[in-house]
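These numbers come from the heavy atoms of this one structure, side chains and all, not from hydrogens, waters or symmetry mates. Only a predicted model underlies this, so the values are computations on that prediction, with no experimental measurement involved. Reminder, nothing fancy here: chain letters follow the sequence lines and each chain counts from 1.
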Amino acid sequence: MTESAPSALTSAVSVRDLTFSFASGDPILNNLSLDVERGERVALLGPNGAGKTTLSLHLNGIHEIQAGSVSIGDLHVNEDNLAEVRRRVGMVFQDANDQLFMPTVREDVEFGPANLGLSPAERTERANEALEAVEATHLADRAPHHLSGGEKRRVAVATVLSMHPEMLVLDEPTSGLDPAGRRELADLLVTLHLTQLIITHDLPFALEICPRSVIISNGSVVADGKTADILADTDLLAAHRLELPFGFDARRAQ
Amino acid sequence: MSVPAAQFALHVPDGLLTPVVALATGVISIAVLAMALKQSGNELKDKQVPLAGLTAAFIFAGQMFNFPVAGGTSGHLLGGALAAVLLGPSMGAVVLGVVVLVQALVFADGGITALGINTLNMGIVTAFGGYALFVLLRKVFPASASGVVGATSLAAGFSVILAAMAFSIEWLFGASVPVPFDTVFGAMVGSHIAIGVGEAVISGLAISAVLAARPDLVYGARDLDRAQLADRRKVSGRVFAGGAIAVTLLMAVVVSQFASDSPDGLERVAEDNGLLGEVTDHTFSGGFFADYATSGVGNETLSLAVAGFSGAILTLLVGFGIVRTVAASRNSASS
Amino acid sequence: MSAGHTANLFIPGDSLLHRMAPEAKLVSVVLFVTAVALTPRQSVWSFAVDAVLVLVLLGIAGFRATQVIARLAVVLPFIAFAFLIPFIAGGEQTSVAGFNLSIEGLWGTWNVIAKAVLGTATSMILAGTTAVAALLRGMTRLRVPAVITSIIAFMFRYLDLIVGEMGRMRTAMTARGHDPRWLWQAKPIASSAGAMFVRSYERGERVHAAMTSRGFTGSMPELNTAKASGRDWALAAIPPLVAASGALAGVLLV
């Protein structure tokens with residue numbers, strides 16, 4: 001994408017010159033800028049340690065902004081609007097076990113709405129609606145640790161859908177899923193009419209559900225374009241420790 | 001097979017001690033845990049719940065796992081002192097308290113009416129007592145990772161003995177059967193010495209592993225800088241266990257001075273302090289201690305027990321004094 | 001891993017006891033065990049009545065006799081201790097098979113065994129018919145502070161994961177020929193315990209991030225809970241009343 005400075009009206013996420021480092025060590029993010037349009041599904045690719053997860057934690061205000069800026073819609077992320085930022089951006093973490101911490105699925109899906117201060121009746125309604133959206137209504141009273149990997153992932157999505165977010169950020173959503181679970185997740189994500197930023201190493205998955213891909217390496221954006229074009233560029237992929245599965249042809253898959 | 005005695009101080013069932021002691025320890029436990037909850041809440045803010053929950057799961061899992069003791073027999077960790085060094089005494093006590101509560105309610109381990117006793121012995125005494133010993137030992141040991149490992153190890157070993165002593169003291173107040181205090185004290189402390197060795201070895205080595213991976217997570221080592229944390233001597237399990245056993249034997253000799261069946265040393269302490277006659281005639285002939293721990297036992301034995309306690313406390317105070325003096329002279333020498 | 005004494009006792013089912021509101025069960029169990037503990041030891045018939053009641057309830061809960069006996073092994077060290085009492089206790093002596101036994105001590109043995117066995121069996125009824133989630137709801141309704149119930153909830157949520165990880169570490173050690181038999185060979189196990197702590201703590205931090213991203217600011221939300229019915233409380237009152245009558249009869253008659 002070459003168009004710079006998209007209009008504030010349509011932009012779902014706008015990251016400007018974001019730089020971040022932990023107390024001791026090299027910067028994880030280095031003058032990173034990225035814009036995501038409303039309703040877009042964007043794959044975030046890149047090697048381990050490139051800064052993908054660190055970036056995602058900024059979108060939700062978990063990491064404090066050290067330099068640069070992050071906007072979610074018309075909101076400049078800062079100390080005072082964290083509650084609203086966290087409602088707008090639904091984070092689905094890499095390990096569903098970290099995300100599902102309440103004794104039952106229903107309580108977990110109601111956790112976010114409860115923090116929003118909704119009444120018990122509204123929470124129940126939100127939970128029912130979110131569980132239905134991920135086809136997990138029958139799991140409502142189960143304990144999260146007794147679910148299969150695929151069920152956990154779908155319920156994890158429900159836990160943020162119940163907050164009525166404007167966008168989803170998913171961190172390696174297909175890791176640890178069996179092929180059927182991965183299929184169900186793909187089918188689910190394309191039905192959700194929300195802006196989605198999907199961090200993944202699963203390139204065929206990115207190709208299937210994300211029209212646009214961004215490669216992050218050493219804390220900066222190094223490529224941004226149509227997923228099919230990026231995945232066809234073997235040299236670019238190799239330069240950033242990415243590789244298509246053996247025998248996979250991105251052009252033909254389209 | 002696990003060492004049965006390991007569960008003795010751990011999970012007192014209903015009815016072993018009198019209801020009055022059960023109630024009194026319950027009140028003490030609730031008060032101390034409420035304080036500890038507040039304290040750890042102040043330190044950890046909104047991280048308190050997830051971190052306490054996860055470390056409680058860790059301690060629970062740690063108590064399920066056996067470590068080898070000798071020739072195929074095994075014991076398991078109590079974890080109070082270890083938790084206190086890792087998380088601070090307040091959070092350590094909270095975590096152990098939760099584990100004890102869950103064991104009683106969900107696993108029928110330890111009586112429900114004995115919850116106060118078990119929380120006090122296993123959670124509060126091991127965490128706060130263990131941490132107090134740890135702080136004391138840190139003052140004598142070098143300010144390095146090795147010093148932290150050594151102090152943790154000894155404190156963990158002694159914390160088990162402290163739990164056994166706590167049980168004995170509760171027995172003094174609330175025995176349900178006429179077994180004399182000194183018999184209970186000797187048996188409890190004696191049987192827990194072996195458990196203490198295991199606790200010492202496992203806790204020390206576990207702290208050593210945490211110091212290697214994430215030294216910033218060790219509450220008891222927060223005062224050390226990077227260079228000091230890196231000063232971690234490699235010690236083999238054999239040397240470690242050998243050291244622990246040597247210390248324990250030394251300890252056993254000292255303890256037996258106070259609790260042996262023919263306590264010559266004790267008698268002398270009692271006579272020297274003039275306790276033998278006076279104490280039994282006045283203070284304790286009333287109903288202050290449980291009748292069972294005293295009646296049919298003979299006043300002489302009771303006075304010996306009391307003398308033993310005064311002796312033990314005296315020894316601790318003298319020890320504390322020596323430690324402080326040593327630490328002070330070290331500081332002045334180094335400055 | 002022995003873990004015999006920490007095996008989960010819950011028996012899935014739909015008995016009268018399973019359906020009873022958890023707060024009523026908790027109160028009932030505490031009062032019953034307290035009444036048993038207060039029963040004078042000479043009041044043998046009171047204990048017999050209590051024992052019959054406990055046996056019936058164990059049956060309703062769905063325990064098999066073998067399970068009950070195996071579980072009572074928890075108090076074995078105490079029972080062993082109880083059998084030593086007559087030999088070491090003071091007071092009036094009697095002679096049995098050439099041994100001098102204390103009469104007080106014999107009563108003591110009976111007292112410790114009766115109360116410990118009844119107490120453990122009663123705890124089993126609670127544990128066998130109350131799922132952890134229900135127990136936590138009951139505790140909440142009994143005004144146990146949310147911070148305590150939440151810590152317990154987190155503990156259970158992650159216990160299986162941690163035990164699983166420890167088990168895999170153990171397996172990995174065994175697979176490489178580690179078979180410790182003596183304390184000084186325990187270093188790998190102790191080191192793995194240290195590693196386990198670090199992993200648990202780090203998971204705690206990740207869970208905290210997942211909570212924060214859904215708007216958590218320090219207090220756990222109040223859960224939707226239905227209250228115990230009058231019928232539940234009436235049923236729950238029966239065991240404590242029986243035991244209390246026994247205790248009272250013992251005090252008055254013996």
Side-chain angles (χ1 to χ4, degrees), chain B residues 2 4-5 7-8 13-16 19 37 45-47 49-58 60-62 64-72 86 98 102 104-109 111-113 176-179 183 198 201-202 205-210 213-214 217 237-238 241 296-297, chain C residues 1-3 5-6 9 30 33-34 37-38 74-75 77-78 85 88-91 104-105 108 111-112 115-116 119-120 123-124 127 132 135 147 150-152 154-155 158-159 162-163 166 180-187 189-191 193-198 200-201 203-204 207-208 217-218:
Chain B
S2 62
Q7 291 174 2
F8 214 102
D14 296 295
L16 190 65
L37 259 177
K45 305 273 183 315
D46 58 330
K47 281 190 177 182
V49 167
L51 287 183
L54 262 296
T55 45
F58 161 73
F60 201 110
M64 288 168 78
F65 265 77
N66 288 340
F67 57 80
V69 176
L86 286 169
V98 164
V102 164
L105 293 181
V106 185
F107 298 94
D109 228 355
I112 289 180
T113 60
S176 64
V177 280
V179 178
T183 307
V201 171
I202 300 291
L205 292 170
I207 277 287
S208 175
V210 178
R214 286 283 304 269
L217 297 189
R238 191 178 287 259
V297 170
Chain C
M1 184 177 129
S2 80
H5 67 288
T6 37
L9 291 172
V30 170
V33 180
T34 306
L38 290 171
V74 169
V75 289
F78 294 93
I85 295 170
I88 51 180
E104 271 289 288
N111 185 55
V112 168
K115 290 178 180 174
T120 306
S123 302
M124 283 178 70
V132 172
L135 185 73
V147 58
S150 310
I151 292 172
I152 296 176
F154 275 88
M155 185 190 125
Y158 294 104
L159 184 60
I162 290 177
V163 170
M166 279 185 149
R181 301 192 54 79
W182 302 91
L183 184 58
W184 52 83
Q185 297 168 331
K187 189 174 181 182
I189 290 167
S191 301
M196 236 19 266
F197 170 76
V198 173
S200 307
Y201 195 94
R203 188 185 284 280
V207 171
H208 175 253
T217 52

* To do: Can you see which heavy atom on L38(C) is nearest to which on P19(B), and at what distance?
  => CD2-CG, 3.4 Å

* What closest approach, in Å, do A104(B) and I112(B) show between heavy atoms, and which atom pair accounts for it? -> O-CG1, 4.4 Å

Let me know if [X] has heavy atoms under 4.5 Å from chain C in its side chain, its backbone, both or neither.
| X | value |
| --- | --- |
| L37(B) | side chain |
| V49(B) | both |
| K45(B) | neither |

* Nearest-0.5 Å distance that lies between atom CG in L86(B) and atom OH in Y201(C) -> 9.5 Å

* Structure fact -> Between the CZ atom in F197(C) and the CG atom in L54(B), the distance rounded to the nearest 0.5 Å is 10.0 Å

* Structure fact -> The side chain to side chain donor-acceptor pair (under 3.5 Å) partners of T113(B) (sequence neighbours excluded) come to D14(B)

Region of [X] in contact with chain B, defined by heavy-atom distances below 4.5 Å:
| X | value |
| --- | --- |
| V33(C) | both |
| L135(C) | side chain |
| T34(C) | both |

Chain B interface, residue from [options] that has the most non-hydrogen pairs under 4.5 Å:
| options | value |
| --- | --- |
| A193(C), A37(C), A195(C) | A193(C) |
| K115(C), M155(C), M196(C) | M155(C) |
| V112(C), V198(C), V207(C) | V198(C) |

* Taking only residues two or more places apart in sequence, or in another chain, which ones meet F154(C) in a ring-ring contact (aromatic ring centres under 6.0 Å, His included)? -> F101(A)

* Taking A52(B), A108(B), G15(B) one by one, which has the highest count of heavy-atom pairs under 4.5 Å against chain C? -> A108(B)

* To do: Indicate, with yes or no, if the rings of F107(B) and F60(B) have centres closer together than 6.0 Å.
  => yes

